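Notes for the one structure printed next.
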There are 2 protein chains.
Amino acid sequence: MTVENSELERRVEHFKSVVKDAGIKLTHQRLEIFREVASSEDHPDAETVFNAVRTRMPTVSLDTVYRALRLLNDLGLVGTLGPRQEAVRFDANLTHHHHFICVRCGLARDFESTALDNIPITDAAKQFGRVETTHVDIRGICKQCLETSR
Amino acid sequence: MTVENSELERRVEHFKSVVKDAGIKLTHQRLEIFREVASSEDHPDAETVFNAVRTRMPTVSLDTVYRALRLLNDLGLVGTLGPRQEAVRFDANLTHHHHFICVRCGLARDFESTALDNIPITDAAKQFGRVETTHVDIRGICKQCLETSR
DNA sequence: CTATTTGCAAATAATTTGCAGTGCG
DNA sequence: CGCACTGCAAATTATTTGCAAATAG
């Protein structure tokens with residue numbers, strides 16, 4: 001699935017200006033790596049980006065892809081699907097529930113809300129297939145982190 | 001943070017009955033590992049469960065913890081925080097958006113919805129700290145998978 | 001008893017890092 | 001031309017697996 005050209009060009013221009021403003025070098029590989037993520041709607045992982053970029057740029061290495069993706073993430077030019085997890089975390093609460101996630105320390109807490117269990121599913125979502133469950137992820141800063149930063 | 005005793009006991013009884021019905025052996029280590037996840041509200045990872053169980057059962061090994069957690073997950077006795085990801089997946093769409101995730105093949109697609117951007121935050125969530133963003137994850141089966149299973 | 005399960009150690013897979021050569025600004 | 005960046009190979013981290021000994025039912 002591909003992003004339309006006008007949107008892609010907008011993203012590439014934004015990338016160039018952010019990179020320049022950050023005083024970071026605009027290398028051929030960084031441009032190709034960014035273009036690859038920015039032109040896909042597939043949420044590719046590092047390996048997938050590597051294989052795609054490699055067809056046009058056979059000398060690129062996998063670790064450069066990792067380094068570039070991390071850089072893009074730090075610059076806020078790309079995000080990741082779900083909060084960056086170090087390891088899989090388990091949950092024995094089997095009732096339908098939602099999560100509060102602290103973006104600073106990773107604290108995760110369940111909460112229940114029948115209102116959120118029943119939010120209306122937009123047609124935008126239904127077009128992709130059959131909907132089974134809806135989870136709301138609320139991201140923010142937990143009380144503990146708010147205090148320690150004061 | 002600890003789960004109340006009555007709830008913990010209910011979970012342990014459910015665990016025992018599911019394990020028995022599945023014809024799987026109820027070992028000391030499985031019980032302790034399940035009890036650890038079921039009594040915590042912290043969404044521990046395998047290493048954390050291992051360290052906690054180890055204090056009461058010094059001979060337990062880390063790989064037994066991994067095996068038990070995977071078994072519990074397969075039996076539907078525990079869930080994981082976020083969809084099980086093999087690798088980090090990137091996203092160059094920086095607008096506020098939500099995700100449709102296919103639980104069968106992992107396909108992920110963005111969609112936008114001002115209605116979902118503005119769902120009311122319950123007090124239940126506010127008590128944990130300062131809320132920054134709200135993401136809705138819709139899980140289901142994508143069109144492609146629905147067709148191939150027909 | 002006997003098939004499952006465990007603990008150990010070694011194998012994988014994703015990701016990161018040290019280092020010497022290369023190229024952007 | 002200098003320092004950030006790249007490619008290579010080796011290190012780390014989370015997780016899985018093969019195998020002989022231990023144990024639940």
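Chain A is the first sequence line, chain B the second, and so forth, proteins listed ahead of strands; every chain is numbered from 1. Values reported hereafter were calculated over all heavy atoms of this structure, with side chains retained and with hydrogens, waters and symmetry mates removed. Given the structure is predicted, the values throughout are model-derived calculations rather than measurements.
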CG of A/Leu69 versus P of C/dA14: gap in Å, rounded? 15 Å

Would you tabulate the side-chain donor-acceptor contacts of residues 124-132 of chain B under 3.5 Å, counting partners in other chains and residues two or more places apart, or write 'none'?
unit_1, atom_1, unit_2, atom_2, d
B/Gln127, NE2, B/Ala124, O, 2.9
B/Arg130, NH2, B/Glu132, OE2, 3.4

Can you tell me the distance, in whole Å, between the CG atom of B/Leu31 and the P atom of D/dT23? 17 Å

Electrostatic pair B/Glu13:B/Arg10 at N-O distance under 4.0 angstrom: no

Would you give a per-nucleotide map of nucleotides 2-10 of chain C, 5' to 3', where B means the base has a protein non-hydrogen atom under 4.0 Å away, S means only the sugar-phosphate does, and - means neither? -BSSBBBB-

ring-ring contact (aromatic ring centres under 6.0 Å, His included) filter on B/His96, not counting sequence neighbours, yields B/His98, B/His135

Global bending angle along the helix from C/dC1-D/dG25 to C/dG25-D/dC1, which compares the axes of five pairs at either end, to 10 degrees: 40°

Find the distance B/Lys16:NZ to D/dA24:P and express it as a whole number of Å. 14 Å

Tell me which pairs pass salt bridge (Lys or Arg N to Asp or Glu O under 4.0 Å) where either residue lies in residues 36-60 of chain A, with sequence neighbours left out. A/Glu32-A/Arg56, A/Glu36-A/Arg56, A/Asp42-B/Arg109

Rounding to an integer number of Å, can you tell me how far A/Glu47 CD sits from C/dT16 P? 13 Å

Who pairs with B/Thr95 by side-chain contact (heavy atoms from CB on, under 4.5 Å), at least two apart in sequence or on another chain? B/Asn93, B/His97, B/Glu112

Salt bridge (charged side-chain N to carboxylate O under 4.0 Å, His left out) with B/Arg89: which residues, sequence neighbours excluded? none

Partners meeting side-chain contact (heavy atoms from CB on, under 4.5 Å) with A/Val12 (sequence neighbours left out): A/Leu8, A/Glu9, A/Lys16, A/Leu31, A/Phe34, A/Arg35

Nearest-Å distance, CZ (B/Arg89) to P (C/dA14)? 13 Å

For A/Arg70 and C/dA14, what is the distance between atoms CZ and P respectively, to the nearest whole Å? 17 Å

Please give, in whole Å, the distance from C/dA13 P to B/Tyr66 OH? 16 Å

Residues in side-chain contact (heavy atoms from CB on, under 4.5 Å) with B/Leu71, at least two apart? B/Ile24, B/Arg30, B/Leu75

Any ion pair linking B/Glu147 and B/Lys143 (charged N to carboxylate O, less than 4.0 Å)? no

Any pair with a residue in residues 47-75 of chain B that passes ring-ring contact (aromatic ring centres under 6.0 Å, His included), sequence neighbours left out, goes on the list, sorted by first then second residue, please. none

What pairs of nitrogen or oxygen atoms, one from the protein and one from nucleotides 11-13 of chain D, lie under 3.5 Å apart?
none

Between CD of B/Glu86 and C1' of C/dT15 the distance, given in whole Å, is 14 Å

Applying ring-ring contact (aromatic ring centres under 6.0 Å, His included), name anything that partners B/His28, two or more places apart in sequence or on another chain. none

